[in-house]
Protein chains: 2
Amino acid sequence: MPESAHVSRIRSGRRTDIRQQNERLILDAAEKVFAEAGFGGATMQLIADMAGLPKANLHYYFPTKEDLYRRVVQNIFEIWLDAASSFDGAAGPVEGIGAYIEAKMDISRRHPHGSKVWAAEVMHGAPVIQDYLETTLRDWTEGRIAVIRRWIDEGKMAPIDPRHLLYMLWATTQHYADFGHQIETLNAGAALSDRQWREATESVKQIILRGIGAL
Amino acid sequence: MPESAHVSRIRSGRRTDIRQQNERLILDAAEKVFAEAGFGGATMQLIADMAGLPKANLHYYFPTKEDLYRRVVQNIFEIWLDAASSFDGAAGPVEGIGAYIEAKMDISRRHPHGSKVWAAEVMHGAPVIQDYLETTLRDWTEGRIAVIRRWIDEGKMAPIDPRHLLYMLWATTQHYADFGHQIETLNAGAALSDRQWREATESVKQIILRGIGAL
DNA sequence: TCGCATCCTGACCGTATGGTCAATACGAAG
DNA sequence: CTTCGTATTGACCATACGGTCAGGATGCGA
């Protein structure tokens, strides 16, 4: 679908803005194309068409396809990390994990392409973000495990293995983005409505919070 | 990693076997390469090297890359459907869903490549298996939803939305295959041991079965 | 108005890849 | 041994893709 969209990009005179504006345009297009075609299946030409720019212009802002891809993945990782803060400052699992589920479901709805790119990157062995996994993600994970352990010690939830609980949170919430197409197909071909998203989020919260004995 | 493995394939004289044998060899290699590189990133040459056959030979058995890919995806879908039978003939959710989780976790461990290929296929909009989603999968899903509804009516579990329960089952179990690399990284870089797989399976069963009020 | 840095882009290039083909080897049946 | 269908393979081809580049447009500051 080479839909050459966004033709109406406004060129505010400001010289500095142009760079930022075009990079945004390219990154958005790239995220979508990488998500739908994978890194290998994506072509610079397709991304260029979708961004409404000539291909050579992409290479002006992003020297190589890898550079562009790296930026897309990093963007996602940052969004993903922001949701992590939902976990903090919570009195117990009901608030903390509940808020985290809500935040991650929201990301799945608002950034489905990003989620898919991230998933594909990990599935391919994380060639680009291995270091993030080993540093930022590992640290974050250890921190949350400690929090969950504390909640368990305080009797606020059942003695569940915190690691597998985290995996379940990631898996369940991201599934609504990564497997969105399958879910739509099983939903008579229609995207989930506001109401259905709310129901999905509630179902996930219900099952998990009850499952860990926090309700 | 062009490791030209499986050099020691035995040529049992039987003429008919050769086809089956080589197709198996090629399909196994293809599954791995497609999983690790994606459809676009996979090359017939890489698959050929991994299968220990000349590239032209692949095209003798599978005319095009798409044909080969289609076969790989279909193989996975069949394995995936087999696990579905765990659901049947169960007296209640503890047996039915418990067995289903065990079966799917087992598949995630034994067929991680296949699971990834399936995930990528769905993420890309299911260009190859859309019809399966709309027929076989939809039918299977409706059937299980009916079963779950019955269990709810019989008071064997809480009134959970069956659809979202199924999504959670798929998401959670397949996560251990699709995001296996991430899980390994968070496991000090080591693959999960037998014991850890058992703990993972038990954790998932615990949380979900308790979460739906079946315990 | 001029100079200069930034931005833009059509045309081009080398390479990698999917796929073809013609020639050959193989082995079972007669 | 001959025949014939199946299997094998190196060499080859057309195409598509990532990336380059030289020349030009643009607009800001002096």
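Letters go in sequence order (proteins before strands), and every chain restarts at 1. Keep in mind that what you see is a predicted model, and the values were worked out from it rather than measured.
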What does A48(A) touch in the nucleic acid at a heavy-atom separation under 4.0 angstrom: a base, only the sugar-phosphate, or nothing?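 It contacts nothing in the nucleic acid.
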From the set [options], return the single nucleotide nearest to any side-chain atom of [X].
X      : options                   : value
I18(A) : dG19(D), dT6(D), dC7(C)   : dC7(C)
A56(A) : dG18(C), dC21(C), dT20(D) : dT20(D)
H59(A) : dG19(D), dT8(D), dG18(C)  : dG19(D)

Check ion pair [X]-[Y] (N to O, under 4.0 angstrom):
X       : Y       : value
R70(A)  : E66(A)  : no
D28(B)  : R24(B)  : yes
D106(B) : R110(B) : yes
E23(B)  : R19(B)  : yes

Any Y100(B) side-chain heavy atom under 4.5 Å of R144(B) side chain: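 No, their side chains stay 4.5 Å or more apart.
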Using whole Å, what does the distance between atom [atom2] of nucleotide [N] and atom [atom1] of [X] come to?
X      : N       : atom1 : atom2 : value
L58(A) : dC17(D) : CG    : P     : 14 Å
I47(A) : dG19(D) : CD1   : P     : 11 Å
F62(B) : dG18(C) : CZ    : C1'   : 16 Å
K55(B) : dG18(C) : NZ    : P     : 7 Å
D17(B) : dA7(D)  : CG    : P     : 11 Å
D49(A) : dC17(D) : CG    : P     : 11 Å
M44(A) : dC12(C) : CE    : C1'   : 17 Å
E23(A) : dC8(C)  : CD    : C1'   : 15 Å

Would you say [X] places a side-chain N or O within less than 4.0 Å of OP1 or OP2 belonging to [N]?
X      : N       : value
Y61(A) : dC8(C)  : yes
Y60(A) : dC8(C)  : no
R19(B) : dT6(D)  : no
N57(B) : dG10(D) : no

I'd like to know if K65(A) reaches the base of dG19(D) with its side chain, counting only an N/O donor and acceptor under 3.5 Å. no
